[in-house]
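Along the sequence shown, the residues carry numbers beginning at 1.
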Amino acid sequence: MHSAYHAPVLAAEVTELLRNANQVLDCTLGGGGHTVALFEAGVQSVVGVDRDPEALASSVERLHVFAEAARFSALESNYSELSELPALDGMTFDGILLDLGISSHQVDKFERGFTFRPGARLDMRMSSTGASAADLLNDEDEESLELVFKLFGDEPKARGLAREIVRRRETIPFATSDELVGAIRAVLGKKSGSPDFARLFQAVRIAVNDELPGLTRALPALRDRLTPGGTLVVITYHSGEDRIVKNFFRDWSANCICPPKHPMCTCR
């Protein structure tokens, strides 16, 4: 299940939950580790989706035997935009998987800009299109930047950090990790270190890739692609992701919430 691209950390749990599915939609294909595990567990077919062209190429090569047997196909897309893919029109699945966050390969590949190691360019895009982290830090206004650090990074000094970024970019545009680390240290103090950098770089990455709004859009659409009795599995690593998923699942699993004397159920 492990590959040079990524090692899935919950492959056994995912396999246990989806082993009885015939057709699975792997919305975050990555290095294909979960898909390999599912095939080994007896799943008949998998459609894999990923917005990262590097991840897609790696998985297609790794899973070519299953593709030749018409058991695997891959599509380049963001999981929040699957309704725009003609190849998936009308398709439903017994199991759907979302493994959120980033892969170890994306972090390790210096030029992708997901790291706060010195000299890394501020990119952080999961796909090859859209605004980069540098674009966000250089172009967004102070209020928007404050929301990024507050909502996605749980940063108490979000306003001060946003103000510091706006002040610094007037002299030198943000281009590498060094500039963002410098701004963080200026606001959080000399004792700030790797945990702070990781948390706040992650906040920028979430904003760059529209991760939390995208998840909010995706979950209802994925639920509607499940066959009766199907299973939707979501692996989360961030408190914001976790909250969104739990709130949706709690809402969907509730019994009728109409007023007691309501003559007909209208709460869906």
Side-chain angles (χ1 to χ4, degrees), residues 1-106 126-127 211 214-215 217-237 241 244-246 248-249 252-253:
M1 290 171 279
H2 294 191
S3 72
Y5 196 93
H6 183 65
V9 296
L10 292 174
E13 291 81 355
V14 168
T15 302
E16 182 61 30
L17 289 165
L18 297 177
R19 66 168 59 253
N20 294 322
N22 288 317
Q23 188 169 24
V24 171
L25 176 63
D26 185 347
C27 294
T28 45
L29 183 61
H34 284 125
T35 292
V36 169
L38 291 170
F39 280 135
E40 291 178 351
V43 170
Q44 292 303 304
S45 66
V46 176
V47 176
V49 175
D50 207 290
R51 64 168 125 177
D52 186 336
E54 288 187 16
L56 211 62
S58 174
S59 295
V60 167
E61 181 179 356
R62 183 182 186 188
L63 296 161
H64 70 92
V65 173
F66 298 101
E68 291 167 0
R71 296 178 62 191
F72 171 74
S73 60
L75 301 168
E76 183 176 339
S77 176
N78 186 333
Y79 58 75
S80 66
E81 301 171 353
L82 297 186
S83 61
E84 300 174 13
L85 292 179
L88 293 182
D89 280 352
M91 291 188 69
T92 57
F93 301 86
D94 306 307
I96 297 177
L97 170 65
L98 275 171
D99 182 8
L100 303 175
I102 54 177
S103 70
S104 52
H105 176 82
Q106 288 169 324
M126 292 184 184
S127 67
E211 293 177 41
L215 179 62
R217 296 191 303 270
L219 287 173
L222 294 176
R223 174 205 60 194
D224 292 345
R225 285 187 180 272
L226 285 174
T227 59
T231 302
L232 172 59
V233 177
V234 187
I235 303 173
T236 67
Y237 300 90
E241 298 168 345
I244 290 169
V245 174
K246 285 179 177 176
F248 270 115
F249 279 26
W252 296 339
S253 62

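Heavy-atom minimum distance, Ala37 versus Thr15: CB-OG1, 3.5 Å. Residues Ser127 and Pro53 come closest through the heavy atom pair CA-CD, 4.4 Å. Listed here is the closest heavy atom pair of Asp50 and Asp52: OD1-N, 2.9 Å. Across all their heavy atoms, Thr231 and Leu226 have their closest contact at O-CD2, 3.6 Å. Here the shortest heavy-atom pairing between Asp94 and Asn22 reads OD2-N, 3.0 Å. Scanning both residues, Arg225 and Ile96, for their nearest heavy atoms gives CB-CD1, 4.0 Å.
Put simply, the side chain of Arg19 never gets that close to the backbone of Gly42: no donor and acceptor are under 3.5 Å apart. The backbone N or O of Phe249 sits nowhere less than 3.5 Å from a side-chain atom of Arg223 that would complete a donor-acceptor pair.
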Please walk me through it: do Leu98 and Leu219 pass side-chain contact (heavy atoms from CB on, under 4.5 Å)? CA-CA 10 Å; Leu98 275 171; Leu219 287 173; 4.1 Å; yes
Practice item. Check the pair Val9 / Tyr237 against side-chain contact (heavy atoms from CB on, under 4.5 Å), numbers first and verdict last. Key: CA-CA 11 Å; Val9 296; Tyr237 300 90; 3.4 Å; yes
- Stepwise, does the side-chain contact (heavy atoms from CB on, under 4.5 Å) test hold for Glu241 with Leu215? CA-CA 8 Å; Glu241 298 168 345; Leu215 179 62; 4.1 Å; yes
- Query: What do the steps show when you test Trp252 against Leu232 for side-chain contact (heavy atoms from CB on, under 4.5 Å), and what is the final call?
  - Reply: CA-CA 12 Å; Trp252 296 339; Leu232 172 59; 4.2 Å; yes
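Atom CZ of residue Arg217 and atom OH of residue Tyr79 lie 9.0 Å apart, to the nearest 0.5 angstrom. Here CZ of Arg71 is found 5.5 Å from CD of Gln44. Values are rounded to the nearest 0.5 Å.
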Show the atom names and distances, to 0.1 Å, of all donor-acceptor pairs under 3.5 Å that link a side chain in residues 24-32 to residues at least two apart or in another chain.
from: Asp26; atom 1: OD1; to: Thr28; atom 2: N; distance (Å): 3.2
from: Asp26; atom 1: OD2; to: Thr35; atom 2: OG1; distance (Å): 3.0
from: Thr28; atom 1: OG1; to: Asp99; atom 2: N; distance (Å): 2.7
from: Thr28; atom 1: OG1; to: Asp99; atom 2: O; distance (Å): 3.4

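A perpendicular orientation is assigned to the rings of Phe72 and Phe39, their planes being inclined by more than 60° (bins at 30° and 60°).
Annotation for Glu61: atom CD does not count as buried by contact number, only 12 or fewer foreign heavy atoms lying within 6.0 Å.
No side-chain heavy atom of Phe93 sits less than 4.5 Å from a side-chain heavy atom of Leu18. You'll find the side chain of Leu82 reaches within 4.5 Å of the side chain of Leu222, heavy atoms only.
Ser77 is linked by a side chain to side chain donor-acceptor pair (under 3.5 Å) to nothing, counting only residues two or more places apart in sequence or in another chain.
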